[in-house]
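To keep things clear, I will list the structure first and then write my remarks on it.
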Amino acid sequence: MAKQYDIIIRLLMVGDSGVGKTCMLCRFADDDISSTHVSTIGIDFKIKTLTIDGKKIRIQIWDTAGQERYETITKQYYRRAQGIVLVYDMKNEESFKNIQKWMKYISDFAPEDVELILVANKSDAYNSERKVSKEHGEMFAKEHRIPFYETSAYMDMNINEAFIMLARIVMKRHKKEIDKQMEHIRLFCREDSDAHIIEKQGKDNNGCCVLM
Amino acid sequence: MSAPGLNNDSKKNKRTFWKRNTEKVPGSIKPVYGAKHPPTEAVIQASLANTDQSKNRNKRPDSFADFDHSTSDAWDDAEDDLMLMGTRKLSIEETIESNNDELHNIANENSTNFQGAKSKNIDVPMSSSHHKAFQPPSSPVPSPNVGSMGGPGVGIRQTAVIEAPKPVTAIRIPNIPVPDRELSKLHKFGQILSGPITDLDELRKLSWSGIPKPVRPSAWKILLGYLPTNIDRRTLTLERKRSEYFSFIDQYFDTRHETIHRDTYRQIHIDIPRTNPLMPLFHQPKVHQIFERILYIWSIRHPASGYVQGMNDLVTPFFVVFLSEYVDDSGENLDIYDVNKLSDDILKCIEADSFWCMTKLLDGIQDNYTFAQPGIQLKVNALRELVQRIDGPLHSHLEKHNVEYLQFSFRWMNNLIMREIPLKCTIRLWDTYMSEGDGFANFHLYVCASLLVHWSDKIRRNRDFHSILLFLQNLPTKDWDNEQIGVLVAEAYRWKFMFADAPNHLNLIKK
């Protein structure tokens, strides 16, 4: 098995039910949304491998069910997230209001240094359907000093940009560990070596060169 | 459980017992498949078939299959997903011959007692549909042809592609003498269901290995306790329950826009279009409305759990099965059936029956859906314990790669593996669940273990967290059929049999 990636980062998606979290993720990871019209039960998982700044990054993304009943389960996944995508539906004001609730969960359960972005999905909506203005979203994001994107999973607008932005700020936040990791790889792993050589580093981190 | 243990001694005794009785003895003990009468030998055969079917076909002359063959009268009691797996050989000639006899018998029987019984217990006009139900199936494989596009989970299954329904007929005819067994089984169901009082134990035994499609609607209703076993009370019960359901709708359905119920209704409303998206049957305005009413009424009558995502999936098997009661599907594909062809009265019956049967099902697993979903958490833990015992290497492999059972089996519990297998397989699986005392709660756990262990080799070939989890979330089951479910439940039965009463095992569940 040739080495497939240098670094893993862990992202989490949260937001109300039906705002399009799974569609965004399928668009990003599989470039496909045609087959995804099922509700997420509990928690789902996808990966995407990208090259950012010459480093092979495997992005591990946990997709959560939005319904309140699943919160006991989904809250368990905040603890190990390095980046969180907060999603609302611009056609649904309630889902925007609930961003406050999701922020609260993040401050309660996620690590302090977690990076966030705010995403207003369904930008393919007609103007008449829009319930949350771009300014409102931007204002909220500015207040919390987090990047903001309006996306459309359906039209494939801004999806990659949003995920890559989050990946970048997570990488920036963990620059020191990454540099150390890359140095380790340079010294100890040949170009075609097994990823599992560096898997030994710790059981607590999914067996890869995960940023802690 | 009264059944003998599976340790070596008793197994040996059992073998010896079989051998001593290799000749047909009229009135001898009749082993039957069923929850309380474990098909021990057959289960073992089935598990062998699971690991190596070809080996099984050439097995020793003193094997169970030969015993079975020589005592076909005794084993006629049960059918046989188990037997479909190659433990029984019948020549084509035999099949045709016995078929002709059966056809003759059934034709006679049906024209008299069963036909009468049926028309007695359903109170809507049914003209052709029931008539057809008891004509010998024209298709040699009368397994339900629904859901060939896959279950609700296929939407996120990587390997899933939309396909035209597979031709379920022709190809298999020469090899598998299904019509014989199916007809004989159908005949037995006919007798049980049309007797003055249906013997529930008998019905369970017979249903455990799969219910023939034409009698499934009635059998499910009785097994779930929706219809009484007393045939004279069925018509009245149905009338009463159906009108009760519609009085709930009159009473409650308008509350859906009230503030306290708005969230529930909204959740249901956005989930219904996401129910089994690949099957056009579920995506007609009338069907959406039916599902909305069923789920909404159930939710507000069960405030402890309310509607939880995934319950929408649980309605689909009932809807399809009860729809099949009124549709002559020899010429119809239920996957794409247009419900506008049915009268509103019939649709109402299907709706009310689906509601009550779903209610019965959920009664048994409500702690899966109450706050913090304790039922699921217990079962996920129990699954871990169980797999640790039955497949140590697999368990260690999962542990080694930090795969947690919750990460993949939460959905298995929440949606009763409906997202993991095609809908027609779910329907077959539910035949067994309904025959087990608390199948949806307890037996399901063993089925989950069986499902996981089934893929043991493949899982262990994946050597990192990501590939293991991706595999487990997208099990390659899209071509699964009743046959695989037969193997799955037989294996599950074996685990239940071995572990359920072991004192140190599964304490979690019993708590």
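First the proteins, then the strands, lettered A, B, ... as listed; each starts at 1. Here the structure is a predicted model, which is why all the values come from computation and not from measurement.
- A heavy-atom distance below 4.5 Å is not found between the side chains of A:I43 and B:R411.
- Ring geometry for B:F465 versus A:W62: interplanar angle of 30 to 60°, hence tilted.
- Note that the CG atom of A:D44 and the CG atom of B:N474 stand 8.0 Å from one another [nearest 0.5 Å].
- Between A:Y5 and B:H466, the closest side-chain pair of non-hydrogen atoms falls below 4.5 Å.
- Rounding to the nearest 0.5 Å places CD1 of B:I376 at 7.0 Å from CD1 of A:I73.
- Under a cut-off of 6.0 angstrom, the local environment of OH in A:Y154 is sparse, with at most 12 non-hydrogen atoms contributed by other residues, nucleotides or ligands.
- Looking at B:Y307, the atoms closer than 4.5 Å to chain A (heavy atoms on both sides) sit in the backbone and in the side chain alike.
- Residues B:Q373 and A:T72 have side chains that never bring a donor and an acceptor to within less than 3.5 angstrom of each other.
- To the nearest 0.5 Å, atoms CD1 (A:I41) and CG (B:N414) are separated by 5.0 Å.
- Looking at A:Q76, the atoms closer than 4.5 Å to chain B (heavy atoms on both sides) all sit in the side chain, from C-beta outward.
- No more than 12 heavy atoms of other residues, nucleotides or ligands lie within 6.0 Å of NZ in A:K134, so this atom counts as exposed by the packing criterion.
- One finds the NE2 atom of A:H37 at 13.5 Å from the CG atom of B:D271 (value rounded to the nearest 0.5 Å).
- Distance alone, capped at 3.5 Å, places no donor-acceptor pair between the A:Y70 side chain and the B:V308 backbone.
- Looking at A:R69, its side chain never comes within 3.5 Å of a backbone N or O of B:A372 through a donor-acceptor pair.
- Counting heavy atoms from C-beta on, the side chains of B:Q267 and A:S39 never come closer than 4.5 Å.
- A 4.5 Å side-chain heavy-atom check between A:E71 and B:F371 finds every atom pair outside the cut-off.
- A:Q67 places a side-chain N or O within donor-acceptor distance of the main-chain N or O of B:Q309, the cut-off being under 3.5 Å.
- Counting heavy atoms of neighbouring residues, nucleotides and ligands inside a 6.0 Å radius, atom CE of A:M182 exceeds 12 of them.
- By the neighbour-count criterion of 12 heavy atoms within 6.0 Å, atom NZ of A:K180 is sparsely surrounded, having that number or fewer from other residues, nucleotides or ligands.
- Looking at A:F45 and B:Q407, their side chains never come closer than 4.5 Å, going by heavy atoms from C-beta outward.
- Atom NE2 of B:H269 has 12 or fewer heavy atoms from other residues, nucleotides or ligands within 6.0 Å.
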